[in-house]
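Read through the structure below, which is laid out as structure tokens, and then see the notes.
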Amino acid sequence: MPELPEVETLARGLQREVAGSRVLSVELGKTEFMDNPAEIERELAGTRIERVERYGKFMLLRLERAAGADGVAQESALLVHLGMTGTMVPRPASEPRAKHTHLVALLEDGRELRYIDPRRFGRIAWLAGEKLRKELLRFGADPLLISQEEFVQRIRGRRARIKAMLLDQGVLRGVGNIYADESLWKAKIHPARIGARLTVEEAKTLHAALQQILKKAIVLRGSSISDFLDAEGEPGEYQLHHKAYGREGKACYRCKTPIRRIVVAGRSSFFCPSCQKAPRGMKRGRRTKPVPRRGASKVAAKVAVGKG
DNA sequence: CTCGATCCCTGGACGC
DNA sequence: TGCGTCCAGGGATCGA
């Protein structure tokens, strides 16, 4: 699945391969996962891709500035989310198109930039000006840029489970299931722990673990799980370094205890039951056991208005 | 606020 | 070999 390291890898590849190219024409396949297919086709055709960058799990194809409805030039971009199985690759136009190719942008040098996505869990949108700005503001901090202080403050400021928080794109943009589990394993924190109950030390450790893992994964060009390939068609290698994700029943690399899989925040969560101690009140097997909260009355809820 | 459930979708794994 | 079934999972949405 493309998460931050995979998207970063692909965005860097596309920056090398297609930045500066002009799009001559556009062909669309299945379009129900696109925000506004007609607009995408119209706006992309004839424009120039100025640069490609990563934003969370999105790739941003920054486009040449063009006049908006009011005649004033505004910034615009094609937002591409790869979902579970999406990829975007430049290929010679003469090469047969892969099955599930849903967007094809013909470039002036005779290549085509192709978006391929069997499951269509991805998203493609064209946005400009204020709409673009507002869309980007929906997302939280970049996990590679967030300071330790801010990370600790955010994590400890909420009562959601840490796994859910790591996956919440409004908190951190770009972390998905693999890297959430890997960083929690490295930091020795159970995925079902409540964020607000982490110690400052634990939160600091998690911040460091997350950044180290993401950086290493980028160096190794991401994890190739469901046939992820970079812009050159090469698989990543980080999947060979996974310590928790996908290792149910296998020995923990630290203590030999078999790795377990539970569902947290609706997602498979792999962890070492020995290194990553379960929070109190969550003993084995028992799910749906909410921690009783003192003082969380309706009165308190009513007062809690007017907070961002 | 936070939760779980449900839906979207296809391919791969598995059982017979 | 060829079915049918189950499952994976990011994100939107909805009800609790």
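All values reported here derive from a predicted model rather than from experimental measurement. To find a chain, count down the sequence lines: A is the first, B the second, and so on, and within it residues start at 1.
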Donor-acceptor side-chain pairing of Asp117(A) and Tyr115(A) below 3.5 angstrom: yes
Between Arg254(A) and Trp185(A), is NZ or CZ placed under 6.0 angstrom from the six-membered ring centre and within 45° of the ring axis? yes
Arg173(A) to Tyr55(A), cation-pi by 6.0 Å centre distance and 45° axis angle: yes
Roughly how many Å is it from [atom1] in [X] to [atom2] in [N], rounded to a whole number?
X         : N       : atom1 : atom2 : result
Phe121(A) : dG11(B) : CZ    : P     : 13 Å
Ile155(A) : dT2(B)  : CD1   : P     : 11 Å
Leu82(A)  : dC9(B)  : CG    : C1'   : 16 Å
Met84(A)  : dG11(B) : CE    : P     : 13 Å

On the nucleotide [N], are OP1 or OP2 found under 4.0 Å from the side-chain N or O atoms that [X] carries?
X         : N       : result
His100(A) : dG11(B) : yes
Lys99(A)  : dG11(B) : yes
Arg158(A) : dC3(B)  : no

Between which nucleotides of DNA chain C, read 5' to 3', does contact with chain A run, using atoms under 4.0 Å from its heavy atoms? dA8(C) to dA12(C)
Ignoring hydrogens and angles, tell me if any N or O in the side chain of Lys204(A) forms a donor-acceptor pair with the backbone of Glu149(A) under 3.5 Å. no
Flag the pair Glu3(A) and Lys57(A) as a salt bridge only when some basic side-chain nitrogen lies within less than 4.0 angstrom of an acidic carboxylate oxygen. no
So, are Arg65(A) and Glu50(A) salt-bridged, with charged N and O less than 4.0 Å apart? no
Within the structure shown, what part of the strands sits under 4.0 Å from Arg267(A) by heavy-atom distance: base, sugar-phosphate, or nothing? base
